[in-house]
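For clarity, every value in this text was computed on a predicted model and none was experimentally measured.
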Amino acid sequence: MPLSRRTLLQGTLLSAAGIIRGPSTALAEQPAELPTSEQRKQMADLAAGFMKDYDVPGLSIAIAIKGKPAYVEAFGVADRETGEALTPQHRFRIASISKPVTSTGIFTLVEAGKLRLGDYVFGASSILGNDYPTTPTLQSLMPSGASRSHVEQITIEHLLTHTTGTWGNQSRDPMFMNQNLKHRELISWTLEHMPLTSPPGEAYAYSNFGYCILGRVIEKLSGRSYEQYIKDAVLKRCGITDMQIAGNTLSERASNEVKYYSQTGDPYRMNVARMDSHGGWIATPGDLTTLFVHIDGFKDTEQLLTDDASAS
């Protein structure tokens, strides 16, 4: 039974947030009124308690109801050292919430007729086959009697649904290895040195690397950088102009971007720019709600994608 694009997008968003997807419930009607002053005070108290308990310098919230902003607020500071107050205009690294952004980009290519979810990614007659030719190592891993190795059986749908056959994030995540390698070099290295442990489609394993590959698919089919395509084909259509791929170091901190702190390590040692299509965007909560109401399937806002079209 073919999946709907809406179902796959919901799964991408909730997987990124670590939530199990259940039935969606539409809001019957607009609430009688927006948050009262007492409710705002309660929200401020909750935010203060959360920041104290978890040593969080700042917290920003945006809630949309029926396609319109209902509650937008920021608490704390953007920079502990300068005391700069956090505002709703400050941007944050959004980590894996970048994945539904990438999924939306993939589906714009599907709707444009440039891509099918059953298309192969590697090997003969595939999207990236000429960029990453099948190596002798991969050929030696081909199952007996099969026309394609496990890697060559990976489709766009497998990448979207985290069912490639590993490259998961539980151990030896390729995206946090070989930090000096660029996308092309990292993909080539991973294909050569990290063979799949099961055939694609048989098991779920949350995969940052899979979404890195999807970014390269977007670049291949669009002829643009991943970031530029998403800005042109997704964000611009929603009226969003303030999202971008983050820099890696403190000196590369963008305008209106918060300063990051960590209890477990240096947040400026990661290659965030290389994480572009699986975890590299910065955004305000307001921009994220704007994007999501354009792909939520409700009729309150003009939708980027058709509602009920098959994903196959």
Side-chain angles (χ1 to χ4, degrees), residues 13 16-17 43-44 47-48 50-51 54-64 68-102 104-105 175 179 182-183 208 211-212 215 218-219 222 224-263 265-295 304:
L13 176 58
M43 289 290 285
F50 178 86
M51 290 190 292
Y54 295 98
D55 192 28
V56 173
L59 176 66
S60 188
I61 303 171
I63 300 172
K68 293 181 172 53
Y71 179 81
V72 180
E73 191 58 86
F75 307 93
V77 297
D79 185 327
R80 277 176 166 162
E81 284 68 42
T82 66
E84 177 187 357
L86 187 67
T87 73
Q89 288 70 48
H90 275 99
R91 299 185 285 176
F92 296 76
R93 291 177 181 173
I94 64 172
S96 282
I97 305 304
S98 300
K99 290 183 176 67
V101 178
T102 298
T104 304
M175 295 311 303
Q179 293 285 326
K182 298 183 188 306
H183 289 128
N208 292 313
Y211 271 75
C212 170
I218 288 173
E219 291 179 334
S222 71
R224 284 171 268 180
S225 71
Y226 163 77
E227 180 179 14
Q228 192 60 54
Y229 181 79
I230 294 296
K231 286 181 174 180
D232 293 342
V234 176
L235 303 180
K236 184 177 180 180
R237 292 170 60 192
C238 301
I240 297 171
T241 61
D242 210 24
M243 286 178 61
Q244 69 181 75
I245 299 300
N248 295 335
T249 65
L250 182 58
S251 65
E252 295 171 325
R253 177 183 174 193
S255 61
N256 274 347
E257 183 181 7
V258 300
K259 186 175 180 180
Y260 304 106
Y261 303 87
S262 174
Q263 297 173 341
D266 182 357
Y268 292 102
R269 293 187 65 183
M270 295 186 295
N271 192 344
V272 182
R274 194 179 71 178
M275 294 159 57
D276 58 356
S277 52
H278 80 81
W281 288 96
I282 59 172
T284 67
D287 279 345
L288 288 181
T289 57
T290 296
L291 172 61
F292 294 146
V293 299
H294 281 84
I295 59 174
L304 295 181

side-chain contact (heavy atoms from CB on, under 4.5 Å) evaluation trace for Tyr268 with Asn248 | CA-CA 6 Å; Tyr268 292 102; Asn248 295 335; over 6 Å; no
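Residue Ile240 forms a side chain to side chain contact (heavy atoms under 4.5 Å, CB included) with just one option from Leu288, Ile230, Thr290, and that option is Thr290.
Side-chain contact between His183 and Cys212: present, with at least one pair of heavy atoms (C-beta onward) separated by less than 4.5 Å. Contact of the Leu291 side chain with the Val234 side chain is registered, since non-hydrogen atoms from C-beta on lie closer than 4.5 Å. Within the 4.5 Å cutoff, the side chain of Trp281 has no heavy atoms near those of the Asp276 side chain. The shortest side-chain heavy-atom distance between Pro267 and Tyr261 does not fall under the 4.5 Å cut-off. Counting heavy atoms from C-beta on, the side chains of Asp55 and Gln263 come closer than 4.5 Å. Side-chain atoms of Leu86 and Phe92, non-hydrogen and from C-beta on, do get closer than 4.5 Å to each other. Between Glu73 and Ser60, every side-chain heavy-atom pair lies at or beyond the 4.5 Å cut-off. Counting heavy atoms from C-beta outward, Tyr71 and Ile61 have side chains that approach closer than 4.5 Å.
A cation-pi geometry, defined here as NZ or CZ lying under 6.0 Å from the six-membered ring centre and within 45° of its normal, does not hold between Arg80 and Tyr260.
Taking both residues in full, the closest heavy atoms of Gln89 and Thr284 are given as O-CG2, 3.5 Å, listed atom of the first, atom of the second, then distance. Between Gly83 and Val77, the shortest heavy-atom contact is O-CG1, 4.0 Å. When all heavy atoms of His278 and Asn208 are compared, the closest pair comes out as ND1-OD1, 3.2 Å. Here the closest heavy-atom approach between residue Thr102 and residue Ser277 is recorded as OG1-O, 2.6 Å. The nearest pair of heavy atoms linking Ala246 to Ile282 is CB-CG2, 3.5 Å. Among all heavy-atom pairs drawn from Gly105 and Ile218, the shortest one is C-CD1, 4.2 Å.
Under 3.5 Å, the side chains of Gln244 and Arg91 contain a donor-acceptor pair of N or O atoms. Side-chain contact, His90 with Glu84: a donor N or O sits under 3.5 Å from an acceptor N or O. Lys99 and Ser96 share a side-chain donor-acceptor pair at under 3.5 Å. Ser98 and Tyr211 share no side-chain donor-acceptor pair at under 3.5 Å.
In this structure, the separation between CD on Glu227 and CD on Glu219 is 10.0 Å, given to the nearest 0.5 Å. The OG1 atom of Thr87 sits 6.0 Å away from the CG atom of Asn256 when rounded to the nearest 0.5 Å. In this structure, the separation between CD on Gln228 and CD1 on Ile245 is 11.0 Å, given to the nearest 0.5 Å. The OG1 atom of Thr104 sits 11.5 Å away from the NE2 atom of His294 when rounded to the nearest 0.5 Å. Distance SG/Cys238 to CD1/Ile295: 8.0 Å, rounded to 0.5 Å. Taking CG of Leu250 as the start and CD of Glu257 as the end, the distance is 9.0 Å to the nearest 0.5 Å.
For the pair Thr289 (side chain) and Ile63 (backbone), a donor-acceptor distance under 3.5 Å is absent. Under the 3.5 Å distance criterion, the side-chain polar atoms of Arg253 are left unmatched by any main-chain donor or acceptor of Gly247. Within the 3.5 Å criterion, the main-chain N or O of Asn271 finds a donor-acceptor partner in the side chain of Gln179. A donor-acceptor contact shorter than 3.5 Å links the side chain of Glu252 to the backbone of Thr249. A donor-acceptor distance shorter than 3.5 angstrom exists from the side chain of Arg274 to the backbone of Met175, with no hydrogens or angles considered.
Between Glu81 and Lys259, at least one side-chain nitrogen of the basic residue sits less than 4.0 Å from a carboxylate oxygen of the acidic one, meeting the salt-bridge criterion.
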